Amino acid sequence: QVEWIEKESTLQSRIKKLEEEKLQLESSSKSRDQLSTEVDNAKLKEASAVMISNVIKRRDNAMKEQVFRNWASQAQKSKHLNIVKGMAKELNSTREKVQMLKSTFDVGTTKNL
């Protein structure tokens with residue numbers, strides 16, 4: 001009977017140890033679940049940051065393209081303006097020469113009459 005009592009007490013202590021291990025495993029399982037959730041949240045935050053960064057980069061590139069197009073347009077306008085100014089000077093010069101020829105022709109024709 002003493003043997004049975006010893007075996008029973010040994011088994012009772014073993015049961016307590018197993019119950020404690022079970023509680024530890026459950027708590028570590030909860031902490032693993034919590035850790036997994038935190039990792040998932042961190043991944044979501046990282047993905048969000050990458051997406052926001054990409055949107056900002058695309059917006060910056062679009063703005064740079066627009067600024068470049070405006071600059072190129074202004075440069076082209078300036079070039080065209082210079083060409084038009086040169087053509088206007090040539091036109092005025094030609095007009096003056098035509099006026100001189102016309103006046104010379106008028107003077108020559110009046111002498112012949």
Side-chain angles (χ1 to χ4, degrees):
Q1 205 169 8
V2 173
E3 273 182 33
W4 284 103
I5 293 175
E6 286 178 9
K7 283 184 180 182
E8 187 179 350
S9 68
T10 306
L11 289 174
Q12 286 295 334
S13 67
R14 180 72 180 141
I15 289 172
K16 284 182 181 180
K17 284 182 183 179
L18 288 173
E19 285 177 350
E20 289 174 2
E21 287 178 14
K22 179 184 170 191
L23 289 173
Q24 286 177 346
L25 286 174
E26 285 176 352
S27 69
S28 69
S29 174
K30 287 179 183 177
S31 64
R32 265 189 257 133
D33 290 342
Q34 187 178 14
L35 183 63
S36 175
T37 303
E38 288 176 6
V39 169
D40 290 344
N41 285 341
K43 286 180 181 179
L44 285 173
K45 287 179 183 178
E46 182 182 0
S48 299
V50 169
M51 287 174 57
I52 290 170
S53 173
N54 288 340
V55 167
I56 289 172
K57 284 179 184 177
R58 273 189 250 126
R59 187 175 137 253
D60 286 347
N61 285 341
M63 288 176 63
K64 287 177 187 175
E65 289 171 2
Q66 182 63 35
V67 166
F68 178 76
R69 281 194 293 272
N70 287 345
W71 173 81
S73 175
Q74 292 298 326
Q76 197 68 13
K77 285 180 185 177
S78 175
K79 182 179 177 183
H80 288 283
L81 186 61
N82 289 336
I83 291 170
V84 169
K85 284 181 181 178
M87 289 173 66
K89 285 180 184 177
E90 288 179 27
L91 179 64
N92 282 336
S93 172
T94 304
R95 188 176 290 146
E96 289 171 1
K97 289 177 183 175
V98 167
Q99 288 294 337
M100 281 178 38
L101 283 171
K102 197 174 184 184
S103 66
T104 306
F105 182 72
D106 285 342
V107 169
T109 54
T110 54
K111 285 183 181 179
N112 288 336
L113 288 177

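Please read all numbers here as calculations on a predicted model, not as lab measurements.
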Any side-chain heavy-atom pair from Asn92 and Arg95 closer than 4.5 angstrom? yes
Please go through Met87's hydrophobic cluster and name the other residues, only I, L, V, M, F, W, Y counting, with side-chain heavy atoms under 4.5 Å joining them. Ile83
Has Thr94 got a side-chain atom pairing as donor or acceptor with Glu90's backbone, closer than 3.5 angstrom? yes
Partners meeting side chain to side chain contact (heavy atoms under 4.5 Å, CB included) with Leu18 (sequence neighbours left out): Arg14, Glu21
Can you list everything that forms a side chain to side chain contact (heavy atoms under 4.5 Å, CB included) with Arg59? Sequence neighbours excluded, please. Met63
As an exercise, state the distance from CD of Glu38 to CG of Asn41, rounded to the nearest 0.5 Å. 8.0 Å
So how far is it from Glu96 CD to Ser93 OG, rounded to the nearest 0.5 Å? 6.0 Å
Does anything in residues 76-95 form a ring-ring contact (aromatic ring centres under 6.0 Å, His included)? List the pairs, not counting sequence neighbours. none
Worked check of side-chain contact (heavy atoms from CB on, under 4.5 Å) between Asn54 and Met51: CA-CA 5 Å; Asn54 288 340; Met51 287 174 57; 5.7 Å; no
Enumerate the side chain to side chain donor-acceptor pair (under 3.5 Å) contacts for residues 61-73, please, sequence neighbours excluded, ordered by first and then second residue. Gln66-Arg69, Gln66-Asn70
Does any N or O in the side chain of Thr10 come within less than 3.5 Å of the main-chain N or O of Glu6, such that one atom is a donor and the other an acceptor? yes
Side-chain cluster (under 4.5 Å, hydrophobic types only) that Ile56 belongs to, other residues: Ile52
Kindly compute the distance separating CD (Gln76) from CG (Leu81), expressed to the nearest 0.5 Å. 12.0 Å
